[in-house]
Amino acid sequence: MSRALELARLAGSLGEVPVGAVIVVAGEIIAEGYNCRELRHSCIAHAEIMALSNACERLGRWRLSDARVYSTLEPCFMCAGALVQARIGHLVFAAHDPKFGAIESLYNLGNDKRLNHRFSYSSGMRAQESVALLKLFFVKRRKNKNISR
């Protein structure tokens, strides 16, 4: 989670929503990503998607059931769906996203006995630091919008 927080800080310094993600397999960091939607002019350049893409490329496979994903923020529906499609083994996220978080609904779906993939998740690891980064980012963003008016 420390590395994910570093990536989130990097994203924030670039003007992106400060979210970072790291993928670990067998105790080794395999891939990482951070939000870079504005930089890439891409609606899918979310931290988790970037990390998944990098992991699949590095490992030469798209199924990541042996992977543990660390993210500083609860994934949105798009990212959570990608994590399920990649068959990740476990997700650890720091802060819950009260507006767009999708893990509870996808976790319940993942536990449906008719499906062949299960995943687990845990949350709260270094949540205060993640929340503080996000709050600071949005305070600055609101301040900049008010100045430009």
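For the numbers below, each heavy atom of this structure counts, side chains included, while hydrogens, waters and symmetry mates do not.
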Which atoms form the tightest heavy-atom contact between Arg40 and Ala45, and what is the distance?
CD-CB, 4.2 Å
On a heavy-atom basis, which atom in Ala67 and which in Ile23 lie closest, and how many Å separate them?
CB-CG2, 3.8 Å
Test Val25 against Glu28 for side-chain contact (heavy atoms from CB on, under 4.5 Å), laying out the working first.
CA-CA 5 Å; Val25 174; Glu28 179 187 350; over 6 Å; no
Closest contact, heavy atoms only, Ala127 versus Ala94
CB-O, 3.2 Å
So which atom in Pro75 and which in Ala80 form the shortest heavy-atom distance, rounded to 0.1 Å?
CB-N, 3.8 Å
Checking the side chain of Arg61 only, and the main-chain atoms of Arg63 only, is there a donor and an acceptor separated by less than 3.5 Å?
yes
Please report the interatomic distance SG(Cys43) to CD1(Ile49), rounded to the nearest 0.5 Å.
10.0 Å
Is Arg3 reaching over with its side chain to a backbone N or O of Met1, donor-acceptor style, under 3.5 angstrom?
no
Do side-chain atoms of Glu16 reach the backbone of Glu38 as a donor and acceptor pair under 3.5 angstrom?
yes
Determine whether Leu133 and Arg9 make a side-chain contact, defined as any pair of heavy atoms from C-beta on separated by less than 4.5 Å.
yes
Arg58 side-chain N/O to Ile30 backbone N/O, donor-acceptor pair under 3.5 Å:
yes
Interatomic distance, Ser130 atom OG to Met125 atom CE [nearest 0.5 angstrom]:
11.0 Å
Is there a donor-acceptor pair closer than 3.5 Å between any side-chain N or O of Asn35 and the backbone N or O of Pro18?
no
Between the CG atom in Leu91 and the OG atom in Ser71, the distance rounded to the nearest 0.5 Å is 7.0 Å
Hydrophobic cluster identity match, Met50 and Val17, side-chain contacts under 4.5 Å:
no
Do Val69 and Val22 have side chains that get closer than 4.5 Å, going by heavy atoms?
no
Applying a strict under-4.5 Å side-chain criterion to I, L, V, M, F, W and Y, I'd like to know whether Leu73 and Tyr34 cluster together.
no
Answer with yes or no whether the hydrophobic clustering places Phe93 together with Val24; edges join I, L, V, M, F, W, Y residues whose side-chain heavy atoms lie under 4.5 Å apart.
no
Any non-hydrogen side-chain atom of Glu74 less than 4.5 Å from a side-chain atom of Ser123?
no
Verify whether one side chain among Arg126 and Thr72 offers a donor that lies under 3.5 Å from an acceptor in the other.
no
Is Leu64 linked to Leu83 within one hydrophobic cluster, defined over Ile, Leu, Val, Met, Phe, Trp and Tyr using a side-chain heavy-atom separation of less than 4.5 Å?
yes
Could you tell me the separation between the CG atom of Leu52 and the SG atom of Cys79, rounded to the nearest 0.5 Å?
8.0 Å
In Å and rounded to the nearest 0.5 Å, what is the OG to CZ distance from Ser13 to Phe137?
11.0 Å
Just verifying a value: how many Å separate Leu5 CG and Leu10 CG, rounded to the nearest 0.5 Å?
12.5 Å
Tell me whether Ile88 is reachable from Met78 by hopping between hydrophobic residues (I, L, V, M, F, W, Y) whose side-chain heavy atoms are closer than 4.5 Å.
no
Is the count of non-hydrogen atoms from other residues, nucleotides or ligands lying under 6.0 Å from Leu39 atom CG greater than 12?
yes
Would the distance check show the side chain of Asn54 and the main-chain N or O of Glu32 forming a donor-acceptor pair, the cut-off being under 3.5 Å?
yes
